[in-house]
Student: 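Below is one structure. I have some questions about it.
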Amino acid sequence: MANDREVLRLIWEGRLPVCFQLNSEEVCGLHTPDPFYLMVPRLSYFPLVTDKIRKHFVQYIHSDKQDSEMWLDFSGMALKWHYPIGVLYDLYSADIQLPWTITVHFDKFPEEELIHCQSREAVESYFMSCIKEADVLKHRSQVVSNMQKKDHNQLWLGLQNDKFDQFWAVNRKLMEVPGDDSFKYIPFRCYRGEEPFLQRLIKPLTEEGQRKTLLNLIEEVYPNEKVRVTTHGIEPPMDTPLQWMSEHLSYPDNFLHLCIQA
């Protein structure tokens, strides 16, 4: 079970200052809206934190577009809403000066680049599917299948409302391992530029029963390459055990999200 509670809380409290600006080509009228500044949780998803952004900008666009789906881009790259905010920042923006400047759009939705997200229910459905996938990898689905609907709701509401104690009261069950045992496989995703993320079936222990490290994972996923790994805005030491990382550095969806740079 995850037991370094201070680490868990520090990860949970990670925030990013963001400057949202309306795409200048979509401004209707003589007045350009002021940027909107917001501190956003790294662990959340943009559709859960941008209601205020929509309200701020929608009055400045053409009436025909005011019911359109809002989408975001950074430096011309459409931001995938189903990637956690911290992953998007670490992937595209880690070396820029804060606040992170993001452009808001209500027009020309990039159909080939983004999945539509019409409601928070879409985010909830995606989030819970990730939770279930991670549990299949870690516990052969034995934990989630024994949870009640109220447990699922508490996980979602804890994330949506940014409530650490509410979320971890349930999530700790997903991080428990009996005795000195380990997960069956480590749920992780590796991101590199615009490439689709990579997943592999990687066990936390070697055939000899030794604990695998982050270096072992990288050697299996990117053989013969020397790369940097970032998660939550930091570069974990390569000798960090995978089991510990999975218990303490996973995002709320129970996956390790690792951004890769050469």
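Just so it is clear, the values below take in all heavy atoms, side chains as well, and ignore hydrogens, waters and symmetry mates.
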Student: In Å and rounded to the nearest 0.5 Å, what is the CZ to CG distance from R211 to L205?
Tutor: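 Answer for the CZ-CG pair, R211 versus L205, is 6.0 Å.
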Student: Do the side chains of F106 and V18 join up, straight or via other hydrophobic residues, at under 4.5 Å, putting them in one cluster?
Tutor: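 Cluster IDs for F106 and V18 match.
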Student: If we ignore hydrogens and angles and just use 3.5 Å, is the side chain of D90 paired with the main-chain N or O of G233 as donor and acceptor?
Tutor: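 Yes: the side chain of D90 pairs with the backbone of G233.
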Student: If I compare all heavy atoms of L16 with all of G86, which pair ends up nearest, and what's the gap?
Tutor: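 Of all heavy-atom pairs spanning L16 and G86, the closest is CD1-CA, 4.5 Å.
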Student: Testing Q66, K65, M70 one by one against S68 for a side-chain contact (heavy atoms from CB on, under 4.5 Å), which residue passes?
Tutor: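 Only one option passes, and that is K65.
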Student: For Q154 and A169, work out which heavy atoms get closest and say how close.
Tutor: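 Residues Q154 and A169, closest heavy atoms: NE2-CB, 3.5 Å.
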Student: Quick check on H116: does its NE2 atom have over 12 non-hydrogen neighbours (other residues, nucleotides or ligands) under 6.0 Å away?
Tutor: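 Enclosed: over 12 neighbouring heavy atoms sit under 6.0 Å from NE2 of H116.
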Student: Going by heavy atoms in the side chains, are L72 and I53 under 4.5 Å from each other?
Tutor: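 No; the side chains remain at least 4.5 Å from each other.
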Student: Output the distance between atom CZ (F20) and atom CZ (R54), rounded to the nearest 0.5 Å.
Tutor: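 The CZ atom of F20 sits 14.0 Å away from the CZ atom of R54.
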Student: Quick one: are P187 and D253 in side-chain contact, heavy atoms under 4.5 Å?
Tutor: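 They are not in contact (no side-chain heavy atoms under 4.5 Å apart), so the answer is no.
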Student: Is it true that a side-chain atom of S129 and a backbone atom of Y126 form a donor plus acceptor pair closer than 3.5 Å?
Tutor: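 Yes.
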Student: Test side-chain contact (heavy atoms from CB on, under 4.5 Å) on E235 and T230; report intermediate values, then the result.
Tutor: CA-CA 5 Å; E235 293 186 36; T230 304; 3.8 Å; yes
Student: Do M147 and L174 come close enough that some side-chain heavy atom pair is under 4.5 Å?
Tutor: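 Contact flag for M147/L174 side chains = yes.
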Student: Determine yes or no for a side-chain-to-main-chain donor-acceptor pair under 3.5 angstrom, with W156 supplying the side chain and D151 the backbone.
Tutor: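 Checked: no pair found.
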Student: Is there a side-chain contact between V40 and T50 in this structure, where contact means two heavy atoms from C-beta onward sitting under 4.5 Å apart?
Tutor: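 Of all side-chain heavy-atom pairs linking T50 with V40, none is under 4.5 Å.
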Student: In terms of hydrophobic clustering (I, L, V, M, F, W, Y; side-chain heavy atoms under 4.5 Å; direct or indirect links), are F255 and V144 co-clustered?
Tutor: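 Unlinked, F255 and V144 end up in two clusters.
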Student: If you round to the nearest 0.5 Å, how far is CG of D34 from CZ of F36?
Tutor: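 Rounded to the nearest 0.5 Å, the CZ-CG separation comes to 11.0 Å.
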Student: Just checking D67: does its CG atom have more than 12 heavy atoms from other residues, nucleotides or ligands closer to it than 6.0 angstrom?
Tutor: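 Counting other residues, nucleotides and ligands, CG of D67 stays at 12 neighbours or fewer.
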Student: So among Y251, Y83, Y191, which one has a side chain to side chain donor-acceptor pair (under 3.5 Å) with H257?
Tutor: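 In the set Y251, Y83, Y191, the residue that makes a side chain to side chain donor-acceptor pair (under 3.5 Å) with H257 is Y191.
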Student: Does one hydrophobic cluster hold both V87 and W100, with members joined at side-chain heavy-atom distances below 4.5 Å?
Tutor: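 Shared cluster, yes.
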Student: Can you tell me how far apart OG1 (T231) and CZ (F188) are? Round to the nearest 0.5 Å.
Tutor: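 Reported to 0.5 Å precision, the distance equals 12.5 Å.
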Student: Is it true that a side-chain atom of K173 and a backbone atom of V143 form a donor plus acceptor pair closer than 3.5 Å?
Tutor: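 Not at all, since once roles are kept as given, no pair shorter than 3.5 Å links the two residues.
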Student: Look only at the side chain of H232 and the backbone of I234, and say whether a donor-acceptor pair between them is shorter than 3.5 Å.
Tutor: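 A pair under 3.5 Å: no.
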Student: Can you tell me how far CD of Q243 sits from NZ of K203, rounded to the nearest 0.5 angstrom?
Tutor: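 If we round to the nearest 0.5 Å, K203:NZ and Q243:CD are 13.5 Å apart.
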Student: Could you check whether any side-chain N or O of E26 sits under 3.5 Å from a backbone N or O of H105, counting only pairs where one atom can act as donor and the other as acceptor?
Tutor: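 Judged by distance alone, no pair lies under 3.5 Å.
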Student: I need the minimum non-hydrogen distance between V104 and L22, along with the two atoms involved.
Tutor: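 Reported closest heavy-atom pair: O-CD1, 3.6 Å.
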Student: Strictly distance-based, threshold 3.5 Å: is any side-chain N or O of N171 a donor or acceptor partner for the main-chain N or O of F167?
Tutor: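 A pair under 3.5 Å: no.
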Student: Stepwise, does the side-chain contact (heavy atoms from CB on, under 4.5 Å) test hold for R9 with E13?
Tutor: CA-CA 6 Å; R9 189 174 286 278; E13 292 176 350; 3.4 Å; yes
Student: Could you pull out the closest heavy-atom pair between S44 and L159, with the gap in Å?
Tutor: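 That closest heavy-atom pairing would be CA-CD1, 4.3 Å.
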Student: Listed by chain and number, what are the side-chain hydrogen bond (donor to acceptor under 3.5 Å, both in side chains) partners of K132, not counting sequence neighbours?
Tutor: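 K132 satisfies side-chain hydrogen bond (donor to acceptor under 3.5 Å, both in side chains) with no other residue.
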Student: Does the distance from a Lys or Arg side-chain N to an Asp or Glu carboxylate O, for D135 and K184, drop under 4.0 Å?
Tutor: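 No, D135 and K184 are not salt-bridged.
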Student: Any side-chain heavy atom of L214 within less than 4.5 Å of one from P237?
Tutor: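 Side-chain contact under 4.5 Å: no.
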Student: Distance-only, no hydrogens or angles: does the H248 side chain make a donor-acceptor pair with backbone N or O of W244 under 3.5 Å?
Tutor: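 Checked: pair present.
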Student: Roughly how far, to the nearest 0.5 Å, is the CZ atom of F74 from the CG atom of L88?
Tutor: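 Nearest 0.5 Å value for the CG-CZ distance: 11.0 Å.
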Student: Do V227 and R192 make a side-chain contact, defined as non-hydrogen atoms from C-beta onward lying under 4.5 Å apart?
Tutor: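 Touching, per the 4.5 Å side-chain cut-off.
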Student: Would a distance-only check, ignoring hydrogens and angles, find a side-chain to backbone donor-acceptor pair under 3.5 Å from R120 to L48?
Tutor: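 Flag set: sc R120 to bb L48 pair under 3.5 Å.
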Student: Can you confirm whether more than 12 heavy atoms, excluding those of Q118, are under 6.0 Å from its CD atom?
Tutor: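 Result for CD/Q118: enclosed.
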Student: Spell out, yes or no, whether Y222 and M238 are grouped together once hydrophobic residues are joined by side-chain heavy atoms under 4.5 Å, including indirect joins.
Tutor: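 Yes, Y222 connects to M238 through the hydrophobic network.
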Student: Minimum heavy-atom separation for P236 and M245, please, with both atom names.
Tutor: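 The pair with the smallest heavy-atom distance is CG-CE, 4.1 Å.
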Student: Could you report the tightest heavy-atom contact between W71 and A78, atom names first, then the distance?
Tutor: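 So the minimum-distance heavy-atom pair works out to CZ3-CB, 4.2 Å.
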Student: Judged by modelled atom types alone, do Q160 and Y45 share a side-chain donor-acceptor pair under 3.5 Å?
Tutor: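 No.
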Student: Is atom CZ of R140 surrounded by more than 12 heavy atoms (other residues, nucleotides or ligands) closer than 6.0 Å?
Tutor: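 No.
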Student: Can you tell if the side chain of L242 reaches within under 4.5 Å of the side chain of T213, non-hydrogen atoms only?
Tutor: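 Counting from C-beta outward, L242 and T213 never come under 4.5 Å.
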Student: Quick check against the 3.5 Å criterion: does S250 have a side-chain atom that pairs as donor or acceptor with the backbone of S246?
Tutor: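 Present.
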Student: Report the C-alpha distance between I202 and V221 in whole Å, list the side-chain angles of each, state the deciding distance to 0.1 Å, and finish with yes or no for side-chain contact (heavy atoms from CB on, under 4.5 Å).
Tutor: CA-CA 9 Å; I202 292 185; V221 179; 3.9 Å; yes
Student: Show the numbers, then the answer: is there a side-chain contact (heavy atoms from CB on, under 4.5 Å) between F183 and M175?
Tutor: CA-CA 9 Å; F183 299 146; M175 293 297 176; 4.2 Å; yes
Student: Are more than 12 heavy atoms, taken from residues, nucleotides or ligands other than E25, located less than 6.0 Å from that residue's CD atom?
Tutor: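 12 or below, so no.
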Student: Can you check whether V177 reaches E247 side chain to side chain, under 4.5 Å on heavy atoms?
Tutor: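 The answer is yes, as the side chains (C-beta and beyond) meet within the 4.5 Å cut-off.
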Student: Is V136 linked to L198 within one hydrophobic cluster, defined over Ile, Leu, Val, Met, Phe, Trp and Tyr using a side-chain heavy-atom separation of less than 4.5 Å?
Tutor: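 They do not share one cluster, since no chain of ILVMFWY contacts under 4.5 Å joins V136 to L198.
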